[in-house]
Amino acid sequence: MDINKLTKAALKQRVKELGLKLQKQSEETIHKNVEAFKLSEEIASLGYYERNWLTGKDFWSAGFYKLLGVQEGEVECTHEVLTQFLHPDDRDRFEKHIRKALLVKTEMNIEFKLVQKNRNIIYVQGNGKTKYSEKGEPLLTIGVFQDITERKKAEADLIKAKEKAEESELKFKSIYENVPVGIFRSTPSGKLISANPAFLDIYGFKNQQDLQETPAQDFYYDEEDRDNLLQRLKTEGTVKNYITKERKKDGSVIWIESDYRATLNDQGEIIYIDGNLQDITERKRIENELIKAKEKAEESDSLKSAFLANMSHEIRTPMNGIIGFSEMFLRSHFDDEKRNNYAQIVVDSSRQLLNIVDDILDISMIDSNNIRIIKSEVAINSILQEVCEIFKPQFKKSGISFHLSNGLSDEESTIETDKERLKQVISKLLNNALKFTPKGSVEFGYTLKQGTLQFYVEDTGIGIPSKDQDRIFERFQQAEIDPTRVYGGTGLGLTIAKKLVSLLGGEIGVESEKEHGARFYFTIPYTPLKNTKTKSKKQSMQNETKKLTIVVAEDEELNYLFIEEVLSELDITLIHTKDGQETVKVCNENPFIDLVLMDLKMPIMDGLEATKRIKKLKPELPIIAQTAYALAGDKEKARKAGCNGYLAKPIDANELLNTVNKILNI
C-alpha cells in the first residue's frame, strides 16, 4: 500500500479499522488469558486478591470467592469480611503476620484455616507481595490463597504412617531383642550378618563382633546337617522344625530346633538365609529319659513276668516237698532213718517257702517305705556266731568249707544298730554264697576300717561277670537269667540287702570275676558301746533252785502244742491262756510267773493291750511278743507296749529256745 496516495480521510478510516482490529484481538487475548487464569485457579484451588492501600479497595478473583464457599459477589470484597471467614484460632495470628510483613517489608507467607459458608473448614496457604512508594508507604498488595486441605491431610496421614511405622519398628525391635527365640540372618557361605541377643545367649557369645567372626558352619556338630539344609532351601525355599546337634562357643553340645527361609535372586541363587531357633537341649534330655523310662518299664514288665513264672516254680517246689512227704507219713510206715530224712525234707522245704514269703513281704515293705530301723545294743561277735550256727549244717551238707572271722574283741564289738536287720543282710549274702558255690569254701566276717565296720562274705563259687555286677542288686535280677538256669531263687535277696544296708547307714558292693568266686561286702557305722551286762549271781542261784513258770498266751491250740513241745526239754511249768483278758488275770493273781509268751492277736483283748496292763502292775515281768503278722511296725509296737523280745511266726524252735534262755538266764 502506498500511504502517500491515500487521502487524509481514507487514512483516518484505515487507522480506525486497524485500531478496532487490534482492540478486538487484544480483547480476545485478554479473554483467553482470563479464562486460562480461571482454569488455573480452579485446577490449583487458587484465589487471587489485590489490596489498593491508597484507595482502600480490595479485589477478589472468582477462585477467591470459591475458597470462601460463596458465589462471586455474594459478599462484600473487604478485608473485614475476609477476617470473618478466618478460623477463630487463626485470626490474631493472621493479623499479626500481615502487620509484621508490612512493617519489615517482607513477603507474606502463612498457613491458616478458613471456615466456609457451609461451616466446612479448609486449610489455606497465603502468599502475598506489596509494592511500596519511595517514602516506603504501601501502595498495592497482590497475592494468592491456595486450598492445601488435601496436602495437609496427606501430611497428617504421612505423620500417622510414620508414627505407626516407628511404633511398629519399636515393637519389632523390642520383640527382636527380648524374644527368647534366636533370630538371625546369614549368607549362604555362612557369614552371620545379624543376630538378636537370644541367639548370642544360646551359643554363648558376648557381642555381635565375636559372632560375626564365627562362620555358621562352625556351629554344626555334623557338617552333613548344614549341607542337607542348604540343599533343601534351594529346592523348597523354607525348612521348618529342623533339629540338629550343635556346638556352643565353649564347645559344649546343645540341641537346636530351627525354621529357615531363603531369599533368592532372579537366577534362583540364595542371597540370604533368615531363621529363628530354640535351644531344645532340656527337651531332648527329657525325651531321652522318657525313652529310657519306657525301655526300663518294658524291661520291668518282662522281668515281672519272668519273676512271676519263677515264683510259681520257687513256691511250688518246697510246697511239693512239704505236701508230698507229709502225705507219705500218713500212708506208709518207715524206719527211723527214713522218717527222720523225710521229716528233714519237710522242715527244709518249709524254711525255703518261708524265705520266699519273707522276701516278698520285705520287698513289699520297701516299695511302701515301711521298713523301720530299730537300734539297740548289739554284740556283733555274738550275732555272727548265731548266724554261723544256723548256716553251719547247710554248708556241711553241701561239702563246702565254712569259716567265721571276727575283727574285734567281744567288748569292742558291742555297738548300737538294728540286730535283726543286720542278721538279715548277712543271711541274704550267705544264702547267695551257698547257692552259687558248688564246691570250695565260704568265709564271712568283718574288719574295722576308718570308723566303719566292713562286713564281707567271700566264696570260691561261679563268680559274676563284670557286665552283670551292677544289675544284680536290682529287683528280679540275677546274673543267670536264662529260663534253663541251674540256680533257683526269687532274685530279690540282694535288692533287699542293698536297701537294708542303706537304712543302716552304709553301702554295699561286690568284687568278682567269672569262675573265680565273689566277695560281697557292706559297711555300717561303728558306734562302740561297752558291754556292762553281767549275770546276777543271785538270779543264777534262784534259777538253779527254782522251777520256772511261763505263761503261754495263745488262742490257737496247734501253736500252743508246738511251743509246749519245744519247751518240754526245759524244766519249767507252762500255763496256757487263750485270750488277753485271761492272761492279765493269771499274771496279776500269780506272783511266781517268770515269763510270758504273748500272742499279739487274740480274742476279747489283744496282746498289745494285755502287755500294757501287765507291765503297769508288774514292770519287771519279761514278756516276749509272738505274731504271724511280721509286718512293718509290729516289732516297734510290741517294744513300745513293753515287750522284751519278739518272735515272728512261724516260730523257729532254736530261736524260741535261745530267746527264752537269754531272757531267763538259764
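Quick note: numbers below take in every heavy atom, side chains included, and nothing from hydrogens, waters or symmetry partners.
Residues meeting the side-chain hydrogen bond (donor to acceptor under 3.5 Å, both in side chains) test with Lys245, sequence neighbours left out: none. Evaluation of the side chain to side chain contact (heavy atoms under 4.5 Å, CB included) rule for Arg519 yields Gln454, Tyr456, Glu458, Glu511, Tyr521 as partners, not counting sequence neighbours. Checked against side-chain hydrogen bond (donor to acceptor under 3.5 Å, both in side chains), Asp90 has the following partners two or more places apart in sequence or in another chain: Arg93, Lys113. Checked against side chain to side chain contact (heavy atoms under 4.5 Å, CB included), Lys248 has the following partners two or more places apart in sequence or in another chain: Asp250, Ser252, Ile254. With sequence neighbours excluded, no residue forms a side chain to side chain contact (heavy atoms under 4.5 Å, CB included) with Pro180. With sequence neighbours excluded, the residues that form a ring-ring contact (aromatic ring centres under 6.0 Å, His included) with Phe184 are Phe199, Tyr260. The salt bridge (Lys or Arg N to Asp or Glu O under 4.0 Å) test applied to Lys240 returns no partner, not counting sequence neighbours. Tyr446 pairs by the ring-ring contact (aromatic ring centres under 6.0 Å, His included) definition with Phe455, not counting sequence neighbours. With sequence neighbours left out, Thr244 forms a side-chain hydrogen bond (donor to acceptor under 3.5 Å, both in side chains) with Glu246. Under the ring-ring contact (aromatic ring centres under 6.0 Å, His included) criterion, Phe444 pairs with Phe402, sequence neighbours left out. Asn207 meets the side chain to side chain contact (heavy atoms under 4.5 Å, CB included) test with Gln209, Asp210; sequence neighbours excluded.
Using modelled atom types, no side-chain atom of Thr452 and backbone atom of Tyr526 make a donor-acceptor pair closer than 3.5 Å. Looking at Asn196, its side chain does come within 3.5 Å of a backbone N or O of Ile183 through a donor-acceptor pair. Without hydrogens or angle criteria, Thr460 side chain to Ser441 main chain gives a donor-acceptor distance under 3.5 Å. A donor-acceptor contact shorter than 3.5 Å is absent between the side chain of Tyr220 and the backbone of Asp227. Counting only distance, with no hydrogens or angles, the side chain of Ser466 and the backbone of Glu513 share no donor-acceptor pair below 3.5 Å. One N or O on the side chain of Thr235 and one on the backbone of Arg232 form a donor-acceptor pair closer than 3.5 Å. Using a distance-only test at 3.5 Å, with no hydrogens or angles considered, a donor-acceptor pair links the side chain of Thr523 to the main chain of Glu507.
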Decide yes or no on side chain to side chain contact (heavy atoms under 4.5 Å, CB included) for Gln424 and Glu420, but give the supporting numbers first.
CA-CA 6 Å; Gln424 190 176 358; Glu420 298 303 324; over 6 Å; no

Mind running side chain to side chain contact (heavy atoms under 4.5 Å, CB included) on Leu86 and Leu114 for me, showing each step along the way?
CA-CA 5 Å; Leu86 290 172; Leu114 286 176; 3.7 Å; yes

Would you give me the side-chain donor-acceptor pairs under 3.5 Å for residues 274-284, sequence neighbours excluded?
residue : atom : partner : partner atom : Å
Asp274  : OD1  : Arg185  : NE           : 2.7
Asp274  : OD2  : Arg185  : NH2          : 3.1
Asp279  : OD1  : Thr281  : N            : 2.9
Asp279  : OD1  : Thr281  : OG1          : 2.5
Thr281  : OG1  : Trp255  : N            : 3.0
Glu282  : OE1  : Arg285  : NE           : 3.1
Glu282  : OE2  : Arg285  : NE           : 3.2
Glu282  : OE2  : Arg285  : NH2          : 2.3
Arg283  : NH1  : Glu257  : OE1          : 3.0
Arg283  : NH2  : Glu257  : OE1          : 3.1

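Between Leu67 and Phe85 the shortest side-chain heavy-atom distance does not fall below 4.5 Å.
No side-chain donor from either of Glu224 and Asn228 sits under 3.5 Å from a side-chain acceptor of the other.
Residue Glu111 holds its CD atom at 13.0 Å from CZ of Phe94, rounded to the nearest 0.5 Å. Between the NZ atom of Lys423 and the CG atom of Leu430 there is a distance of 12.5 Å, given to the nearest 0.5 Å.
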